[in-house]
Asks: 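Following this message is one structure expressed as structure tokens.
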2 protein chains.
Amino acid sequence: MNVLGLDIKPINVRGADMNKREVILETAVELFAEKGYSHTSMQEIAEGVGISKGSLYSFFTSKEDLIISIYEHYQQLVFERVFIIGLDGDLPPREKLEKQFEVQFEGILHYKAYMKMHLRGETGTNNKKISAMEHRMRGRLFSWLQNSLLELYGEEITAYKWDLMFMTQSIYRTYMMLLVTGQAEAKPAAIGKHIVRQLEVMANDFLNGNSQPILNDEMMQDFIVDMDREGAFVSFEKREQAWKTLYNKLNKLDLPQSSSLKEIANRISEETKKSRPEKVVLKGLFALLKENDEIANESKALEDEILSV
Amino acid sequence: MNVLGLDIKPINVRGADMNKREVILETAVELFAEKGYSHTSMQEIAEGVGISKGSLYSFFTSKEDLIISIYEHYQQLVFERVFIIGLDGDLPPREKLEKQFEVQFEGILHYKAYMKMHLRGETGTNNKKISAMEHRMRGRLFSWLQNSLLELYGEEITAYKWDLMFMTQSIYRTYMMLLVTGQAEAKPAAIGKHIVRQLEVMANDFLNGNSQPILNDEMMQDFIVDMDREGAFVSFEKREQAWKTLYNKLNKLDLPQSSSLKEIANRISEETKKSRPEKVVLKGLFALLKENDEIANESKALEDEILSV
DNA sequence: ATGCAAAATGACTATTGAGTCAATTATATT
DNA sequence: AATATAATTGACTCAATAGTCATTTTGCAT
């Protein structure tokens with residue numbers, strides 16, 4: 001029995017495998033970030049991990065499979081937290097958006113190598129699966145920005161949304177790049193506020209009629225299709241659906257312990273953010289959640305999603 | 001005798017060679033843009049041009065030499081015109097900057113494939129010479145932006161210049177990308193004005209104290225070094241030095257024909273912008289300039305620079 | 001027409017690196 | 001301890017491609 005009153009069970013048998021899989025992902029991401037995708041050989045990655053090439057191929061069926069797994073792994077980690085903040089109905093739109101940018105920049109500090117790799121963009125291009133993945137990522141980002149814009153300014157922003165989305169995204173990307181390359185050091189919260197402020201200033205200039213938009217729906221047809229196809233922000237993964245269900249329930253019930261339950265949920269989100277989340281901690285936190293019968297089912301569902309990775 | 005009263009001399013003997021060299025550059029740039037640097041083989045380039053691989057290697061000693069030549073060739077073409085507008089002392093700073101962006105976007109439409117290649121960034125990375133070249137290009141761009149900011153707002157902008165430069169550059173890059181990929185169609189003049197307007201809005205927000213900068217000199221030490229080392233905007237190529245000398249002389253003399261002479265100079269600049277400038281036209285225009293004894297020397301110097309390419 | 005030099009060719013070499021698989025080693029089970 | 005099963009290895013194949021060079025073709029002068 002530990003302090004939380006839980007029996008700590010040994011991590012399941014496949015634990016070792018999962019770890020090695022992650023070690024490979026992390027090693028590969030660092031090498032890709034440093035030398036680029038095509039200039040990093042599978043041999044080098046194997047050596048970096050300390051295993052043989054043959055073993056490497058027992059975890060990932062090809063180099064392409066490896067890079068796609070990297071994207072899937074990290075993208076989930078980075079974006080999930082933004083999504084969760086989006087679920088919080090108590091936060092006013094502007095603070096919410098600031099917080100979401102803040103969280104992204106925190107993520108960047110955690111996953112520097114991944115971001116560096118991503119910014120390089122030089123993944124074995126003209127590859128179908130990879131560019132599909134990149135499409136999907138961009139779709140999510142834009143879907144999120146669009147949501148935020150509408151929440152902030154309502155329908156009247158529609159005519160300017162494309163210009164604002166592209167400009168905001170490019171500013172975001174620039175500061176991300178500066179952080180990742182270590183050129184700039186700054187508090188995530190400060191950058192988050194800064195970006196939202198720029199967006200605000202530009203949006204107001206549009207709304208006051210002092211600026212004319214360049215982009216319009218017709219030009220952006222491709223993007224619209226992408227955003228729709230991905231179902232994008234509303235619900236794009238079972239795991240995030242599970243988060244959403246839990247939050248909805250929490251908000252609806254409005255229990256007296258509600259705020260402490262949210263705190264636990266946030267701590268869970270924090271833990272999953274780590275590159276090596278501790279299973280015991282997660283299990284403990286979920287046990288706490290499940291003590292409340294009203295949300296036990298939802299908690300269980302989320303736990304299954306998270307621990308099954 | 002043609003309409004300009006000039007004998008048209010046959011294009012010099014190396015003309016054929018020069019053409020083929022340029023055909024190779026253009027073919028290569030298209031293939032690099034389409035499939036990426038490392039996924040395009042020298043064989044494919046040779047086939048694209050309709051020559052053998054051996055011949056290709058008589059023009060460029062290596063693949064690296066080829067990509068560097070591409071950068072040198074196009075960068076000169078794109079940036080030179082921005083520089084020349086910078087020389088025009090009559091234009092107020094804001095209009096000048098708008099015009100410079102406009103000209104860049106015009107250039108982008110001319111050299112789409114090059115820009116696409118450049119945006120991909122996936123040139124044989126960790127290569128010394130290439131990254132040196134990219135450094136130089138970035139240095140020039142930032143040096144130009146810095147100049148423009150100081151002209152527009154004076155010294156009081158200094159504290160915010162880094163944030164403004166990075167944000168402006170990123171917005172510029174975004175619209176460039178949209179143009180290059182054909183997502184957006186827009187008049188270069190409109191985009192130029194648009195970008196300057198965003199810069200203005202953001203700058204005013206800083207100057208009014210409503211926004212705080214994120215970046216400072218200390219963080220940007222590397223950039224400062226780069227910008228200084230390149231001598232950057234002030235004078236970075238013999239050719240541009242020659243332009244500058246000519247313009248200075250023109251402005252100083254203030255001849256009655258001054259404006260028609262400037263028109264001729266601008267027409268020369270237009271012609272050099274083309275992917276296949278006509279030598280005859282250039283020679284004719286220079287002949288017109290040289291009719292004025294006062295600027296004959298400067299014109300001759302510039303002509304030598306331009307025609308020697 | 002003849003001979004010569006320059007230009008062009010493409011078969012060839014050498015290297016790199018993705019992916020395979022038979023053989024070996026480690027681990028678990030009885 | 002013996003056996004079975006799973007995990008790991010690295011030498012090997014095979015394809016791609018940068019760069020070379022002996023041979024052929026072309027263009028030009030006499």
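All chains are named by letter (A, B, ...) in the order of the sequence lines, taking the proteins before the strands, and each is independently numbered beginning at 1.
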Asks: What is the distance, rounded to the nearest whole Å, between atom CE of B/Met42 and atom P of C/dA14?
Replies: 20 Å
Asks: Find the distance A/Leu56:CG to C/dG17:P and express it as a whole number of Å.
Replies: 15 Å
Asks: Could you walk me through whether B/Gln75 and B/Arg140 pass the side-chain hydrogen bond (donor to acceptor under 3.5 Å, both in side chains) check?
Replies: CA-CA 11 Å; B/Gln75 216 232 328; B/Arg140 285 180 192 183; 3.2 Å; yes
Asks: After noting the C-alpha distance and the side-chain angles of B/Glu30 and B/Glu34, does the key distance pass the side-chain contact (heavy atoms from CB on, under 4.5 Å) rule?
Replies: CA-CA 6 Å; B/Glu30 266 159 41; B/Glu34 190 191 324; 5.8 Å; no
Asks: Specify the separation, in whole Å, of atom CD1 of A/Ile45 and atom P of C/dG17.
Replies: 12 Å
Asks: Nearest whole angstrom, please: distance from the P of C/dA8 to the CD of B/Glu47.
Replies: 17 Å
Asks: Heavy atoms only, 4.0 Å cut-off, all strands: where does A/Ser62 land among base, sugar-phosphate and nothing?
Replies: sugar-phosphate
Asks: Answer yes or no: is there an ion pair linking A/Glu47 with A/Lys53, defined by an N-O contact shorter than 4.0 Å?
Replies: no
Asks: Could you check how far CD1 of B/Ile51 sits from P of D/dT25, rounded to whole Å?
Replies: 18 Å
Asks: For a quick check of understanding: with a heavy-atom distance under 4.0 Å over all strands, which category does A/Ser55 fall into, base, sugar-phosphate or nothing?
Replies: base
Asks: Tell me: CZ of B/Phe59 to C1' of C/dT9, nearest whole Å?
Replies: 13 Å
Asks: Identify, between B/Thr40 and A/Ser52, the residue whose nearest nucleotide on DNA chain D lies closer to the 5' end.
Replies: A/Ser52
Asks: Take A/Ser69 and A/Asp65 through the test side-chain contact (heavy atoms from CB on, under 4.5 Å) and record every step on the way to the result.
Replies: CA-CA 6 Å; A/Ser69 301; A/Asp65 180 31; 3.6 Å; yes
Asks: Within this structure, what is the NE2-to-P distance between A/His39 and C/dT15, rounded to whole angstrom?
Replies: 18 Å
Asks: Please determine whether any donor N or O and acceptor N or O are separated by less than 3.5 Å between the side chain of A/Lys53 and the base of C/dG19.
Replies: yes
Asks: Starting from P on D/dT20, measure out to CZ on B/Phe60 and report it in whole angstrom.
Replies: 16 Å
Asks: The side chain of A/Tyr57 is closest to which nucleotide in this list: C/dA8, D/dA18, C/dT20?
Replies: C/dT20
Asks: From the list D/dA18, D/dG10, C/dA8, which nucleotide is the closest neighbour of the side chain of B/Lys63?
Replies: D/dA18
Asks: With heavy atoms under 4.0 Å as the rule, sort A/Ser58 into base, sugar-phosphate or nothing.
Replies: nothing
Asks: Given B/Phe32, which partner from the list B/Tyr74, B/Tyr71, B/Tyr37, B/Tyr114 fulfils the ring-ring contact (aromatic ring centres under 6.0 Å, His included) test?
Replies: B/Tyr37
